[in-house]
Amino acid sequence: MKIRLGKGTLLLFISFWAMSVCSLTMLGTMRTDRQNREESRRNYSDYAATIVVSDCNDDFWEEYFKSDNLKNAVLYTNVWDENYEIKGIYGQGNFKRPHMIAGNFDELFIKNGTKNCAVVGKNLQSQIYIMKGQGYIDIQGESFRVAGIMGVEYESRINDMIYINFSKAIEFGNSGQQMIMDSRYKWRIDSNVSHLQSFAAGKGEFYSNTLIQESVLSKIFENSNMTKYLFILVLISFWLSTVIIVSMWLMYKKKEISIKDMMGFSHLQILGDIVFDYLKISVMGYLAGIVIFIPIGILGKAVTFKIYDIGTSLFLTVFLGGAKIIGFFLKMIMGEKHGRNRI
């Protein structure tokens, strides 16, 4: 069936073409901005604190972990290694975990389990060897069982890192060095630091300092957040404008609807024809926009997009327009029941 390029049809086609390019560009830019923020914070959450406990016994951290005082937070310590970037880690509850490609990240925290356990970045998979049906990687002359592979699709330091058991990192000589406590909320950091300080009393010298202290208002009005809010508002306005565009398109279709009504077409038949035309024109307009956007997404380093962005954006846009069409026909039917003209 040929598409008649009348004013309404052309308007609908151009609007969906424009909405596809703009919405996908904004979604991709928002994702890239979030990735850049995570990298700038070295994959930590919004709040983190430096922790130093010196002059303590070798079993200090084992006793602390057994006390279960760490709540919804994670401890990191760096392990010096000439080959890899390695962090010792211990966490409990709700904290930011890396994206896992395979395996279970929380195997690093299993009590009474082997300390020689590691989660490896995806770019280091070539260093893994198989022994007795299990993957291993050598770290500082010792074999570590690989509990999982972590990594993200974009370029990130997490792809080249190794996480190991925190207690094992201490055995490598990190006792008394600076550590990082990370959590999603400042009050959790304050609570966990306070508990650790109380636990360390009489057992060693304790020091802490909050690295990031952002008030609620400063986070809301941070430049990157303001940009995100602006993008969201623009996206909402784009999607809502679909209702206006479809309303205008239906005005152009009134004559066609009246003719079919006089010819005896049922409401369902008319609705089916209109919806089919709407889907045909809108999807073609959207595909035309995607043809323009994909080279931007592939060649432009400032935009990162996923295939499901296309599906999500298309569904929301088409759904809102479809809802308007159904509402139009319901209004027409209700008008007929109350003795008014069908159109």
K.L.:
Hey, which of L279, I326, I325 is the one that makes side chain to side chain contact (heavy atoms under 4.5 Å, CB included) with I274?
P.N.:
I325
K.L.:
Please check this pair: side chain of S258 against backbone of K254, looking for a donor-acceptor N/O pair closer than 3.5 Å.
P.N.:
yes
K.L.:
Answer yes if I259 and M251 sit in the same cluster of Ile, Leu, Val, Met, Phe, Trp and Tyr residues linked by side chain heavy atoms under 4.5 Å apart, and no otherwise.
P.N.:
no
K.L.:
Of all the heavy-atom pairs spanning A118 and F144, show the shortest one and how long it is.
P.N.:
CB-CB, 4.1 Å
K.L.:
Please find the pair of heavy atoms, one from I51 and one from V193, that lie closest to each other, and give the distance.
P.N.:
CD1-CG2, 3.9 Å
K.L.:
Do you reckon V246 sits in the same ILVMFWY cluster as V283, going by side-chain contacts under 4.5 Å, direct or chained?
P.N.:
yes
K.L.:
Any cation-pi pair here, K280 with F276, using under 6.0 Å and within 45°?
P.N.:
no
K.L.:
Tell me, do L11 and W249 make a side-chain contact under 4.5 Å, heavy atoms counted?
P.N.:
no
K.L.:
Would you check if the side chain of N104 reaches a backbone N or O of A147 as a donor-acceptor pair within less than 3.5 Å?
P.N.:
no
K.L.:
Is a donor on one side and an acceptor on the other found under 3.5 Å between the side chain of Q127 and the backbone of L124?
P.N.:
no
K.L.:
If we only count heavy atoms from C-beta on, is the S247 to I244 side-chain gap below 4.5 Å?
P.N.:
no
K.L.:
If I take atom CE from residue M284 and atom CG from residue L12, how far apart are they, to the nearest 0.5 angstrom?
P.N.:
11.5 Å
K.L.:
Is the closest side-chain donor-acceptor distance between N123 and D160 under 3.5 Å?
P.N.:
yes
K.L.:
Using every non-hydrogen atom in the two residues, find where I158 and M150 come nearest and quote the distance to one decimal.
P.N.:
O-CE, 3.8 Å
K.L.:
I139 and side chain to side chain contact (heavy atoms under 4.5 Å, CB included): which single residue from I86, N83, V79, N116 fits?
P.N.:
I86
K.L.:
Rounded to the nearest 0.5 Å, what's the gap from CZ on F95 to CG on N192? Could you check?
P.N.:
12.0 Å
K.L.:
State the CD1-CD1 distance between I89 and I162, to the nearest 0.5 angstrom.
P.N.:
13.5 Å
K.L.:
Nearest 0.5 Å, please: how far is CD1 in I137 from CZ in R145?
P.N.:
13.5 Å
K.L.:
Determine the minimum heavy-atom distance between I270 and K260, stating which atoms define it.
P.N.:
CG1-CB, 4.1 Å
K.L.:
Over 60° means perpendicular and under 30° means parallel, so classify the ring planes of Y64 and F60, tilted if in between.
P.N.:
parallel
K.L.:
If every non-hydrogen atom of L70 is compared with every non-hydrogen atom of G91, which pair is closest and at what distance?
P.N.:
CD2-CA, 4.2 Å
K.L.:
Check each of Y163, F109, Y76 against Y90 using the ring pair (Phe, Tyr, Trp, His ring centres under 6.0 Å) test, and report the only one that passes.
P.N.:
F109
K.L.:
Which pair of non-hydrogen atoms, one from I189 and one from A49, has the smallest distance, and what is that distance?
P.N.:
CG2-CB, 3.9 Å
K.L.:
If hydrophobic clusters are built by linking Ile, Leu, Val, Met, Phe, Trp and Tyr wherever their side-chain heavy atoms come under 4.5 Å apart, do V291 and W17 end up in the same one?
P.N.:
no
K.L.:
Are the side chains of W61 and V53 in touch, meaning some heavy atoms are under 4.5 Å apart?
P.N.:
yes
K.L.:
Should side-chain heavy atoms under 4.5 Å link Ile, Leu, Val, Met, Phe, Trp and Tyr, which residues sit in the same cluster as Y136?
P.N.:
Y129, M131
K.L.:
Quick one: does M179's side chain get under 4.5 Å of I170's, heavy atoms only?
P.N.:
yes
K.L.:
Distance check, rounded to the nearest 0.5 Å: Q197 atom CD versus N69 atom CG?
P.N.:
13.0 Å
K.L.:
Could you go through N165 and C117, starting from their C-alpha distance and side-chain angles, then the distance that decides it, and tell me whether this counts as side chain to side chain contact (heavy atoms under 4.5 Å, CB included)?
P.N.:
CA-CA 6 Å; N165 181 279; C117 185; 5.5 Å; no
K.L.:
Can a donor-acceptor pair be found, under 3.5 Å and without considering hydrogens, that links the side chain of Q125 to the backbone of V120?
P.N.:
no
K.L.:
Got F172 and E142 here, is their nearest side-chain heavy-atom distance under 4.5 Å?
P.N.:
yes
K.L.:
Report the C-alpha separation of D277 and E256 in whole Å, then their side-chain angles, then the decisive distance to 0.1 Å, and conclude whether the side chain to side chain contact (heavy atoms under 4.5 Å, CB included) test is met.
P.N.:
CA-CA 12 Å; D277 285 345; E256 177 184 334; 4.1 Å; yes
K.L.:
Are there more than 12 heavy atoms of other residues, nucleotides or ligands under 6.0 Å from atom CE of M100?
P.N.:
yes
K.L.:
With distance as the sole test, does K122 use its side chain to make a donor-acceptor pair with the main-chain N or O of V152 at under 3.5 Å?
P.N.:
yes
K.L.:
Are the side chain of N72 and the backbone N or O of N94 linked by a donor-acceptor pair below 3.5 Å?
P.N.:
yes
K.L.:
In terms of hydrophobic clusters joined by side-chain contacts under 4.5 Å, are I257 and M263 together?
P.N.:
yes
K.L.:
Closer than 4.0 angstrom, basic N to acidic O: yes or no for E63 and K66?
P.N.:
no
K.L.:
Working to the nearest 0.5 Å, report the span between NZ of K87 and CE of M161.
P.N.:
5.0 Å
